Amino acid sequence: MGEAPVESRSAPNGHVRPEPKPAAIRNTEPATGEPLPEVAVASPEEVRAAVARAREAQKGWAALGFTERRRRLLAFEDLLLARAEEVADVVHRENGKPKFEAILHDVVPVSMLTSYYARKARSILRDQRIGTPLFPHKRSYIRHEPRGVIGIISPWNFPFSLPVGEIVTALAAGNGVVVKPSEFTPLTVLKAKELFDAAGVPKDLLGVVPGFGPTGAALLDSGVDMVVFIGSVATGRKIAAACGERLIPCTLELGGKDPAVVCADADLDRAVRSVVFGAFANSGQICASVERVYVDKRIAEPFTQKVVEITKSLRQGDGSAGEVDVGAMTTPAQLEIVKRHVDEAVAKGAKVLAGGHAVAGKGRFFEPTVLTGVDHQMAVMRDETFGPILPIVPFEGEDEAVRLANDTPYGLNAYVFSKDRRHAEAIANRITAGTVMVNDVLYTHGVPELPWGGVKTSGIGRTHGAQALRDMCWIRHLNTERVAMNAPWLYPYRKSVQSALVKVVRTVLRLLP
Ligand code: NAD
């Protein structure tokens, strides 16, 4: 299973003999503990072959042009919406989130992103002319050329929208793709592949290579032209080092420890409902989850009371049918991290106002938990918890709130709540994060036009929006001429040119607006 590969088996003589590394992925459903179908691990040779096939197929795909690529991407979007339930079902079974969330966070955002890139790729990537007033007889253009084959390595928390959003971006720019899905959620990506195939995206253009970390490493080693990695900071550092070695660009979307600052003039009901959703959606397994709440001490009591009240009303369980608000934790290891953070905080004096425990039974559930009495000495306030935990800290004065919000190596998202937009924006501008939202949480990842990504250890580069599409291209600068003219600095060097050079530049620079 994703949890532990099988690496050996008994030989007829009773000795255990090593199995050649590529094992099978064997997972259990997070919500029920039932076994999921096995998935074969791709060997390094299979990874290399997938990249070679994608490279060959990319030539034809790039030659198709925007109109035909748009048609096939829109066919994929159409199929996705038509088969939304089927996709949501696999996502739920592999990841443990309620089907509602699989539709909300995986299917719907990808359909919107696909439509956006299918329709806008041509205009975003059109040639750009660069003016050169000092060289009026010349013309310069920026051309966006597809990089070739993009390697994508993805996590398990949004098993469909990550990596399918990035696959769509790469295809819209004219690239081939080979994707290594998380070992916990390969079936979802294989389902996506089925839809791309049915939509007329050439089969070899998109390769899926299931496996564990070594399969991801093999992908880095297989000659891809760029890597998009979404996962933990620890793995992100290895990816960046490997890309540095190979001198290929990478986009890194890594972890977060996102703060919410709730000002005294916030709309209390809106702030509470947003923060609770931000902390517990996807069982808190979102890079942009609200992981720390700082609330003005003047409203800390009513705020905390309301948070606890709503948290206790949340319905947790197997969200395959019926109305469930909070689903399962996807991996056994993540469940252990959450337990450790809560236990350590409690041992150091934190108070549990709601939840606080793993739920007994076959599924992997941790109760939605509200903590107070926490501080930055505790892992739950410092490290990424990635679970349904909402720690609340009262602050005195907004300088303190900003200092606490910035007291982290991460910088993915941050949230500010205030009814006064200018006030909220002034605080937002002091927080170091890739995105700061005013009076809202999480949702901008689902808006195709908006850039997504972090600063500090939360990552490098952006997904979504125009920038991500351009990043999937290399830049050809074409310099040509409007009027034929010999450059005066060609050999032989002349004294007269040397003295004219400074004079001419000086005169022309003064004339520029
Ligand atoms: P992870 O780093 O453990 O694994 C991510 C992927 O990398 C998996 O496919 C894994 O098999 C692969 N991998 C592991 N070792 C590798 C190696 N040496 N070489 C190449 N590939 C390797 O992360 P995870 O547990 O799957 O995901 C959770 C993390 O992802 C959290 O930290 C979360 O914040 C982050 N995340 C970030 C974003 C974002 O947009 N910033 C979005 C989702 C998740």
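All figures in this text were calculated on a predicted structure; none of them were measured in a lab. Excluded from the calculations below are hydrogen atoms, water molecules and symmetry mates; all remaining heavy atoms, backbone and side chain alike, are included. Atoms within a ligand are numbered from 1 in the order they appear, just like the ligands themselves.
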**Q** Under a 4.0 angstrom heavy-atom cut-off, which atoms of ligand 1 come close to Glu183?
**A** 8 (C), 9 (O), 10 (C), 11 (O)
**Q** With a cut-off of 4.0 Å, which atoms of ligand 1 are near a heavy atom of Ser182?
**A** 9 (O)
**Q** When you measure from atom 16 (C) of ligand 1 to every protein heavy atom, which one gives the shortest distance, and what is it?
**A** Thr235 CG2, 3.4 Å
**Q** If the cut-off is 4.0 Å to any non-hydrogen atom of Gly213, which atoms of ligand 1 fall inside it?
**A** 11 (O), 13 (N), 14 (C), 15 (N), 16 (C), 17 (C), 19 (N), 20 (C), 21 (N), 22 (C)
**Q** Would you check whether Gly453 reaches within less than 4.0 Å of ligand 1, judged by its heavy atoms?
**A** no
**Q** Using a heavy-atom cut-off of under 4.0 Å, does the side chain or the backbone of Asn157 touch ligand 1, or both, or neither?
**A** side chain
**Q** On a heavy-atom basis, which atom in Glu291 and which in Thr385 lie closest, and how many Å separate them?
**A** OE1-N, 2.8 Å
**Q** Identify, by atom number and element, the atoms of ligand 1 in contact range of Pro181, meaning under 4.0 Å from any of its heavy atoms.
**A** 9 (O)
**Q** Would the distance check show the side chain of Ser283 and the main-chain N or O of Gln285 forming a donor-acceptor pair, the cut-off being under 3.5 Å?
**A** no
**Q** What protein heavy atom is closest to atom 34 (O) of ligand 1, reported as residue, atom name and distance in Å?
**A** Glu384 OE2, 2.6 Å
**Q** Write down the atom of Val91, the atom of Ala102, and the distance for their closest heavy-atom approach.
**A** CG1-CB, 3.7 Å
**Q** Could you tell me if the side chain of His464 sits less than 4.5 Å from the side chain of Glu166, heavy atoms only?
**A** yes
**Q** Given Leu254, Val189, Leu252, Val179, identify the one with the heavy atom nearest to atom 37 (C) of ligand 1.
**A** Leu254
**Q** With a heavy-atom distance limit of 4.0 Å, tell me whether His445 approaches ligand 1 through its side chain, its backbone, both, or neither.
**A** neither
**Q** Under a 4.0 Å N-O cut-off, is there an ion pair linking Glu29 with Arg93?
**A** yes
**Q** Any atom of ligand 1 sitting under 4.0 Å from a heavy atom of Gly454?
**A** no
**Q** For ligand 1, indicate whether the residue Thr215 contacts it via side chain, backbone, both or neither (heavy-atom separation under 4.0 Å).
**A** neither
**Q** For ligand 1, which atoms, with element, lie under 4.0 Å from some heavy atom of Ser154?
**A** 6 (C), 8 (C), 9 (O)
**Q** Less than 4.5 Å apart, side chain to side chain, heavy atoms only: is that true for Glu344 and Val380?
**A** no
**Q** For ligand 1, does Ala288 get within less than 4.0 Å through its side chain, its backbone, both, or neither, judged by non-hydrogen atoms?
**A** neither
**Q** As a quick check of understanding, evaluate salt bridge (charged side-chain N to carboxylate O under 4.0 Å, His left out) for Lys99 and Asp89, giving each step before the final call.
**A** CA-CA 7 Å; Lys99 272 172 88 172; Asp89 193 59; 3.7 Å; yes
**Q** Number the atoms of ligand 1 from 1 as they appear, then name those within less than 4.0 Å of a heavy atom of Phe229, with their elements.
**A** 2 (O), 5 (C), 6 (C), 7 (O)
**Q** What is the minimum heavy-atom distance between Leu412 and Ser458, and which atoms define it?
**A** N-OG, 3.3 Å
**Q** Centroid separation under 6.0 Å, is that true for the rings of Phe196 and Trp61?
**A** no
**Q** Give a yes or no on whether the backbone of Gly327 and the side-chain of Lys97 come within a donor-acceptor separation of less than 3.5 Å.
**A** no
**Q** What is the nearest protein non-hydrogen atom to atom 12 (C) of ligand 1, stated with its residue, atom name and distance?
**A** Ile153 CG2, 3.6 Å
**Q** Can you say whether the rings of His105 and Phe158 are parallel (under 30°), tilted (30 to 60°) or perpendicular (over 60°)?
**A** perpendicular
**Q** Taking non-hydrogen atoms only, is Leu412 closer than 4.0 angstrom to ligand 1 via side chain, backbone, both or neither?
**A** side chain
**Q** Give me the one residue out of Lys180, Arg48, Arg246 that meets salt bridge (Lys or Arg N to Asp or Glu O under 4.0 Å) with Asp221.
**A** Arg246
**Q** Does a sphere of radius 6.0 Å around CZ in Arg315 hold more than 12 heavy atoms from other residues, nucleotides or ligands, not counting ones at 6.0 Å or beyond?
**A** yes
**Q** I'd like the name of whichever of Trp156, Phe158, Phe386 reaches closest to atom 25 (O) of ligand 1 through any heavy atom.
**A** Trp156
**Q** Going by the side-chain hydrogen bond (donor to acceptor under 3.5 Å, both in side chains) test, which pairs reach into residues 425-452, not counting sequence neighbours?
**A** Asp399-Arg430, Arg421-Glu425
**Q** Is Gly459 in contact with ligand 1, taking contact as a heavy-atom separation below 4.0 Å?
**A** no
**Q** Is the contact between Gln334 and ligand 1 made by the side chain, the backbone, both, or neither, using heavy atoms and a 4.0 Å cut-off?
**A** neither
**Q** For ligand 1, which atoms sit closer than 4.0 Å to a heavy atom of Leu162?
**A** 42 (C), 43 (C)
**Q** So if I apply the side-chain contact (heavy atoms from CB on, under 4.5 Å) rule between Phe76 and each of Val110, Leu171, Ile167, which one comes out positive?
**A** Val110
**Q** Find all atoms of ligand 1 within a distance of less than 4.0 Å from any non-hydrogen atom belonging to Cys287, and give their numbers and elements.
**A** 34 (O), 36 (N), 37 (C), 38 (C), 39 (C), 40 (O), 41 (N), 42 (C), 43 (C)
**Q** Using a 4.0 Å heavy-atom cut-off, which part of Trp452 comes near ligand 1: side chain, backbone, both, or neither?
**A** side chain
**Q** Considering non-hydrogen atoms of the protein only, which is the closest contact for atom 18 (N) of ligand 1, and what is the distance?
**A** Lys238 CD, 3.9 Å
**Q** Please state which option from Gly236, Ser232, Gly231 has its nearest heavy atom closest to atom 2 (O) of ligand 1.
**A** Ser232
**Q** Considering only protein heavy atoms, which is closest to atom 27 (O) of ligand 1, and at what distance to one decimal place?
**A** Pro155 CB, 3.3 Å
